[in-house]
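Numbering starts at 1 and runs along the sequence shown. Numbering of ligands and ligand atoms starts at 1, following listing order.
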Amino acid sequence: MPELPEVETVMRALAVRLQGRMIVRAVLTRSDLRRPFPPGLADRLTGSRVLGFRRRAKYILMRLSGGDSVLLHLGMSGRMILAPIGATVPGGHQHVILETDDGWRVIFCDPRRFGSIDLVRTAAEDEHKLLAGLGPEPLDPRFTGPVLAAALAGKRTPIKAALLDQRVVAGIGNIYVCEALFRAGISPRRLARTVTGARAERLAGAIRDTLSEAVAAGGSSLRDYVQPDGELGMFQHAWKVYGREGEPCPACPGPPGCAGIARITQGGRSTFYCPRVQR
Ligand SMILES: [Zn+2]
């Protein structure tokens, strides 16, 4: 599933191709994905100029002339393909196709159809029901230790579960929660309400740094964002703990070191961590 840095990267690539362009044609090959498309979507897109983009959590907002924003979620398997008009783009599931006045096509493919597209007035983006309850944006400078500690106050759940709650902090998923807790030296099992003061400061910083580094890595992959198949989306990271059960722990060079990265299950999701340095 695309996580926040992938969504940011996709948004930046879309901005390079679409910002300032006119959408001259919009084709919808079905009437819904996870939810029905808003009525008149193709008509609303056609003839609009793309004014700009914004990301909120894992949502992309594409702002159009006329005062609407397209609210896009990639879901589990959604991806974007950029290709010149006329180029052959193999593969099915091409659900939304936009053509620009400078001869490009943007194709949204979503085989599993967990993605979604809606329209919202640009002036009221944050009032949309999918955005209204979201917590602070982790890359916003206003996301600080005290803000995080306040959101965790009184929570008796493990910090791992609390960070996956989108009301606590918006848009970070399982992978980056594991990585940020490792970086901050905080056990995923620690009670959320005990993450206060300097520890909360460290965790907020670790979340920000982990995500910004991944965004930067995605940005460097943007160089080649028009591949022969034009696909944007997932890129490989060098994760320190995620998916590394039993591997040597980067925090504990041996000997004696630790027993390697451990995996536990919390709330039905795998957590990877070092039981020795994460407290
Ligand atoms: Zn270790």
Side-chain angles (χ1 to χ4, degrees), residues 1-9 57-58 135-139 143-166 168-221 234-279:
M1 179 183 320
E3 291 233 26
L4 188 154
E6 285 85 13
V7 175
E8 176 76 22
T9 301
K58 293 202 278 186
E137 192 61 38
L139 292 177
F143 179 67
T144 59
V147 166
L148 177 58
L152 298 172
K155 285 196 181 290
R156 293 167 180 278
T157 54
I159 184 66
K160 162 77 188 301
L163 292 177
L164 289 174
D165 179 347
Q166 301 297 296
V168 170
V169 52
I172 54 171
N174 201 39
I175 295 172
Y176 290 100
V177 167
C178 292
E179 293 292 310
L181 286 169
F182 176 74
R183 186 183 287 235
I186 294 173
S187 169
R189 315 169 85 135
R190 172 179 277 280
L191 286 188
R193 64 185 170 134
T194 69
V195 177
T196 59
R199 193 174 270 122
E201 200 67 66
R202 213 161 68 229
L203 181 55
I207 291 170
R208 196 168 46 239
D209 293 348
T210 305
L211 292 171
S212 341
E213 284 170 20
V215 168
S220 60
S221 79
M234 298 301 288
F235 39 89
Q236 286 300 315
H237 302 296
W239 287 303
K240 292 195 167 65
V241 289
Y242 186 82
R244 295 189 177 274
E245 183 182 10
E247 291 184 28
C249 165
C252 306
C258 63
I261 302 301
R263 183 177 71 86
I264 55 172
T265 303
Q266 292 178 292
R269 314 283 302 274
S270 284
T271 301
F272 298 89
Y273 76 116
C274 168
R276 181 165 171 266
V277 299
Q278 289 180 248
R279 297 300 177 122

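For the side-chain contact (heavy atoms from CB on, under 4.5 Å) test, residues two or more places apart in sequence or in another chain that qualify with Arg269 are Lys160, Leu164, Asn174. Scanning for ring-ring contact (aromatic ring centres under 6.0 Å, His included) contacts around Phe143 gives an empty result, with sequence neighbours left out.
For residues 251-279, the ring-ring contact (aromatic ring centres under 6.0 Å, His included) pairs, not counting sequence neighbours, are Tyr242-Phe272.
At a cut-off of 2.8 Å, measuring from the Zn ion (ligand 1), the protein N, O or S atoms that fall short of it are Cys249 SG, Cys252 SG, Cys258 SG, Cys274 SG, waters left aside.
No side-chain heavy atom of Cys274 sits less than 4.5 Å from a side-chain heavy atom of Val241.
Going from atom CD1 of Ile172 over to atom CG of Leu163 covers 5.0 Å, rounded to the nearest 0.5 Å. With values rounded to the nearest 0.5 angstrom, Arg189 atom CZ is found 4.5 Å from Ile264 atom CD1.
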